[in-house]
Undergrad: 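This is the structure I want to talk about, given as structure tokens.
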2 protein chains.
Amino acid sequence: MDRDQTEKDDEASGLGRPTLKTLAFMTGLGVTTVSRALKDAPEIGAETRRRVQLVAKQIGYRPNRAGVRLRTGKTNVISLVLNTEREIMSFVSDIIYGVSEVIADTPYHLIVTPYSRSQDPLDPIRYLVETGSADGVIISRTQPNDPRARYMLERGIPFATHGRTDMGLIHPYHDFDNYAFATEAVRHLAGIGRRRLALLAPPVELTYHSHTLNGFTDALSEVGASEIPFNTVSVDHSIEQIRMRTAQLMRRDVRPDGFVSSAAAATLAIVAGIEDAGLKLGRDVDVVSKQSSDLLHLFRRELLVVNENFRLAGAELARSVLGWIGGATPGSLQSLSKPTGVLAYRRPD
Amino acid sequence: MDRDQTEKDDEASGLGRPTLKTLAFMTGLGVTTVSRALKDAPEIGAETRRRVQLVAKQIGYRPNRAGVRLRTGKTNVISLVLNTEREIMSFVSDIIYGVSEVIADTPYHLIVTPYSRSQDPLDPIRYLVETGSADGVIISRTQPNDPRARYMLERGIPFATHGRTDMGLIHPYHDFDNYAFATEAVRHLAGIGRRRLALLAPPVELTYHSHTLNGFTDALSEVGASEIPFNTVSVDHSIEQIRMRTAQLMRRDVRPDGFVSSAAAATLAIVAGIEDAGLKLGRDVDVVSKQSSDLLHLFRRELLVVNENFRLAGAELARSVLGWIGGATPGSLQSLSKPTGVLAYRRPD
DNA sequence: GTGACAATCTGTAACGTTTCAGTATATAGG
DNA sequence: CCTATATACTGAAACGTTACAGATTGTCAC
């Protein structure tokens, strides 16, 4: 028995990665005590606690994730679920950095779980939940009646959505105020004399489609301008399609003199379409566009822009998920961000 | 003892997530047998093997990652290490999708490990290696003498670099042929009559800086054109800085009549700077730019573009890392991609 | 001096997996 | 008929962690 003990201690002092056993050996305490001392359990003496924590810091002890996960089921993982074909580029980049920023000084890792056009969006969620691969999930492209949100709510797995749902169910979200964006855009266009406005909207199936559309039509009647229908395309369509449809539209007798565009890349296409039709931006027509990086003004000086900050969205979403995991009530983890970096006012003359 | 047995079996048949114990109970075999049967071990009878695999498939058995990881040390994780401030947006998005594509039907997960300007780039690598958080690592912003590559090579952890090193050490990489890009760009500019060329290069510390520069200067002497130095800025500088420096440069007596730009966003700034100086793209000066998404031609019709496919890069990098993990020799996992979607030839007239 | 009780610490078991060292059975060789 | 060997399977131990149920002190009231 003495031999066994010695042998074990020798192993514990080995030069591999330190474990609780290593710490136990070094401090002369039991593994259990060390474990509890590290998490400030009350039944451990103050001095012991400090001693253990000191040694742990000194030798750079880090809990083994697999051990914790196996024992407790806690993965310390947040999963960001992304559509590999339809997400906006800057969205992917910025939201990842936003999330990273928030989880940087936590034990959490960020895993990216992709799904493609051909898959049911519920697939990756089912996978995550069934395999218990994450403590929290962030989803985008949220729908009014979102099966993913419903599914996770039913299983009680913490998540946050980019965009709101409309199912009468409460869950954390972060959203950009697209209603405000659309109303401000319309008001501004009206302010510079534009009367016939077209909206390049988000895809109908996503919640922010109606937010945007409502803001657009409400402001339209407020300012007494009229809508030129432009709903054969959405921001999800290809650059080429949007460009072509815009050009078609601009060649009609009754054509818009103002556009509201929900995405920067789509705006490039709209402008190209306008110019294809031989018209000039700022003279014949004005365009207000959302953008997430400050590049559109380089593209055409005349463009009017509203900024949506995806990095902030990522940070907020991460905070929400961590909050839920930490026991906060879902209803308190909802946020809406207002349009910023407002339109540079300008008269067409 | 009988009671205990029954109790255990009851647990095994429970409705939680199925484990090897569940399978063992259902098949009437031992846990060991089931484990081996699932991985086609030779000492398991053919029928037993099929039977176990059938049941496993039926009840949707998936090995517990924490269990495997704890026992074997295998994490089934690939980590993509990214600089949160300096990566190109479309790079982040596309490379993630490229990697995802390749690991989609493997047990691997992708985790994103970020680091910021203020940190030593080696920090995240050290963290990953010390905590054994990944089976393989992908890094970008590779330097000729890259401490990260050296570090991982020393510890024997599989990795792949986006871009090459120049340390006489062999490791997997994927790189875009920036030498070819620069030579083709210069040749093309010379072909349309441009004689005084400026290069907006990658940051000096990265390996592809010299690749690009060498291609540029080699082609310059080949076609007998001259260089207008433009090395106070790189593609890493802010849009505003590049724009200002370009404008300054274009107001000089001896100014370039051609630009080669290593990044799309920087190209927007160059064009803005050119126009700030009252000059016209396509008439006074031509610009050849790399781009990763097909948007620059919408920006200015006159822009000449070469495409770099980051999604492909991500896929290649993932293949390389998996290959190395799978036992292939590092030297066989290197690839170079040629410029595609060549310049639309056009005369300035 | 005794019992009660708080304070502090500890061993064992379990999470799910794989590996090691077997065991049991059948087959074949002599 | 006995031994050797191959075939097919199995239990125990271990990876690192935490929870549970003690165990060992010391202190204090009476």
Side-chain angles (χ1 to χ4, degrees), chain A residues 1 4-5 7-9 11-12 14 16-52 56 59-76 107 130-133, chain B residues 1 4-5 7-9 11-14 16-52 56 59 61-76 107 130-133:
Chain A
M1 185 145 190
D4 277 19
Q5 191 56 36
E7 217 175 302
K8 275 185 187 173
D9 290 352
E11 281 193 295
R17 188 167 157 214
T19 69
L20 289 181
K21 204 153 109 188
T22 320
L23 285 177
F25 173 66
M26 294 181 75
T27 55
L29 296 164
V31 174
T32 305
T33 310
V34 172
S35 172
R36 319 210 71 176
L38 287 176
K39 43 177 59 67
D40 286 317
E43 63 267 49
I44 303 296
E47 198 206 304
T48 306
R49 198 155 49 203
R50 265 178 298 138
R51 201 158 59 87
V52 170
I59 65 172
Y61 167 78
R62 298 188 177 257
N64 179 303
R65 310 191 117 234
V68 175
R69 182 165 171 177
L70 182 57
R71 178 64 236 242
T72 66
K74 182 133 205 283
T75 62
N76 283 312
E130 282 171 8
T131 62
S133 289
Chain B
M1 187 140 191
D4 276 19
Q5 192 55 37
E7 218 174 300
K8 276 185 189 174
D9 290 352
E11 282 191 296
S13 69
R17 190 169 155 211
T19 69
L20 289 181
K21 204 152 110 189
T22 321
L23 284 178
F25 173 67
M26 294 180 76
T27 56
L29 297 163
V31 174
T32 305
T33 310
V34 172
S35 173
R36 321 209 70 176
L38 287 176
K39 44 179 57 67
D40 285 317
E43 64 267 49
I44 302 298
E47 198 205 304
T48 305
R49 197 153 53 203
R50 265 178 298 137
R51 201 158 58 89
V52 170
I59 65 172
Y61 167 77
R62 298 189 179 254
N64 179 303
R65 309 192 119 232
V68 175
R69 181 164 171 178
L70 183 57
R71 178 65 234 244
T72 65
K74 182 134 206 281
T75 61
N76 284 312
E130 282 171 10
T131 62
S133 290

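All chains are named by letter (A, B, ...) in the order of the sequence lines, taking the proteins before the strands, and each is independently numbered beginning at 1. Note that the coordinates shown come from a computational prediction; the quantities given were computed from them, not determined experimentally.
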Undergrad: Just how far is it from atom CG of L23(A) to atom OG1 of T33(A), taken to the nearest 0.5 Å?
TA: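 Separation between the atoms: 12.0 Å.
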Undergrad: Got more than 12 heavy atoms from elsewhere within 6.0 Å of CD, E43(B)?
TA: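 More than 12 heavy atoms, drawn from other residues, nucleotides or ligands, come within 6.0 Å of this atom.
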Undergrad: Determine: side-chain N/O of K39(A) to OP1/OP2 of dT18(D), distance under 4.0 Å, yes or no.
TA: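 So the side-chain polar atoms of K39(A) do come within 4.0 Å of the phosphate oxygens OP1 or OP2 of dT18(D), strictly under.
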Undergrad: From CZ of F25(A) over to P of dT10(C), roughly how many Å is that when rounded to an integer?
TA: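 Those two atoms, CZ and P, are 14 Å apart.
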Undergrad: Could you tell me whether the side chain of V31(A) reaches within less than 4.5 Å of the side chain of T19(A), counting heavy atoms only?
TA: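 SC-SC contact between T19(A) and V31(A) ruled out.
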Undergrad: Please answer whether the main-chain N or O of R69(A) pairs with a side-chain N or O of R65(B) as donor and acceptor at a distance below 3.5 Å.
TA: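 Absent.
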Undergrad: In this structure, how many angstroms lie between the C1' atom of dT7(D) and the CZ atom of R36(B), rounded?
TA: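 My rounded result for the distance is 13 Å.
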Undergrad: Closer to the 5' end of DNA chain D via nearest nucleotide, is it T72(B) or G28(B)?
TA: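 That would be G28(B).
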Undergrad: Can you measure L70(A) atom CG to dT17(C) atom P for me and round it to whole angstrom units?
TA: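 Result: 9 Å.
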Undergrad: Answer with base, sugar-phosphate or nothing: what part of the nucleic acid does G30(A) contact at a heavy-atom distance below 4.0 Å?
TA: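 Sugar-phosphate contact only - G30(A) comes under 4.0 Å of backbone atoms but never of a base.
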Undergrad: Using atom CG of L38(B) as one end and atom P of dA8(D) as the other, report the distance to the nearest whole Å.
TA: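 Rounded to whole Å, this separation is 17 Å.
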Undergrad: Counting heavy atoms from C-beta on, name the nucleotide in dG16(C), dT10(D), dC9(C) closest to the side chain of T32(B).
TA: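 That would be dT10(D).
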Undergrad: Can you figure out which of dC9(C), dC9(D), dT18(D) approaches the side chain of E43(B) most closely?
TA: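 The listed nucleotide nearest to E43(B)'s side chain is dC9(D).
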Undergrad: Counting only side-chain heavy atoms from C-beta out, which of dT10(D), dT10(C), dT17(C) sits nearest to Y61(B)?
TA: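 Between dT10(D), dT10(C), dT17(C), the one nearest the side chain of Y61(B) would be dT17(C).
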Undergrad: Looking only at the side chain of T19(B) (C-beta and beyond, no hydrogens), which of the listed nucleotides dG11(D), dT18(D), dT17(C) gets closest?
TA: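 From the listed options, dT17(C) comes nearest.
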Undergrad: Please tell me which of the listed nucleotides, dC15(C), dC9(C), dT17(C), lies nearest to the side chain of P63(B)?
TA: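 The answer is dT17(C).
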Undergrad: Can you tell me the distance, in whole Å, between the CZ atom of R69(B) and the C1' atom of dG16(C)?
TA: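 Checked: the CZ to C1' distance equals 15 Å.
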Undergrad: Distance check needed: dT10(D) C1' versus I44(B) CD1, whole Å only.
TA: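 Roughly 10 Å, once rounded to whole Å.
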Undergrad: Given dT17(C), dC15(D), dA19(D), identify the nucleotide with an atom nearest to the side chain of R71(A).
TA: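 So the nucleotide nearest the side chain must be dA19(D).
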Undergrad: Any donor-acceptor pair under 3.5 Å linking the side chain of R17(B) with the backbone of R62(B)?
TA: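 Looks like yes, one N/O pair under 3.5 Å.
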Undergrad: With respect to the side chain of T33(A), which nucleotide from dT10(C), dC9(D), dT18(D) is positioned closest?
TA: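 The answer is dT10(C), which lies nearest to the side chain.
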Undergrad: Between atom CZ in R65(A) and atom P in dT18(D), what is the gap in whole Å?
TA: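 Taking CZ of R65(A) and P of dT18(D), I get 13 Å after rounding.
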Undergrad: Distance check needed: dC15(D) P versus L20(B) CG, whole Å only.
TA: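 The answer, rounded to whole Å, is 19 Å.
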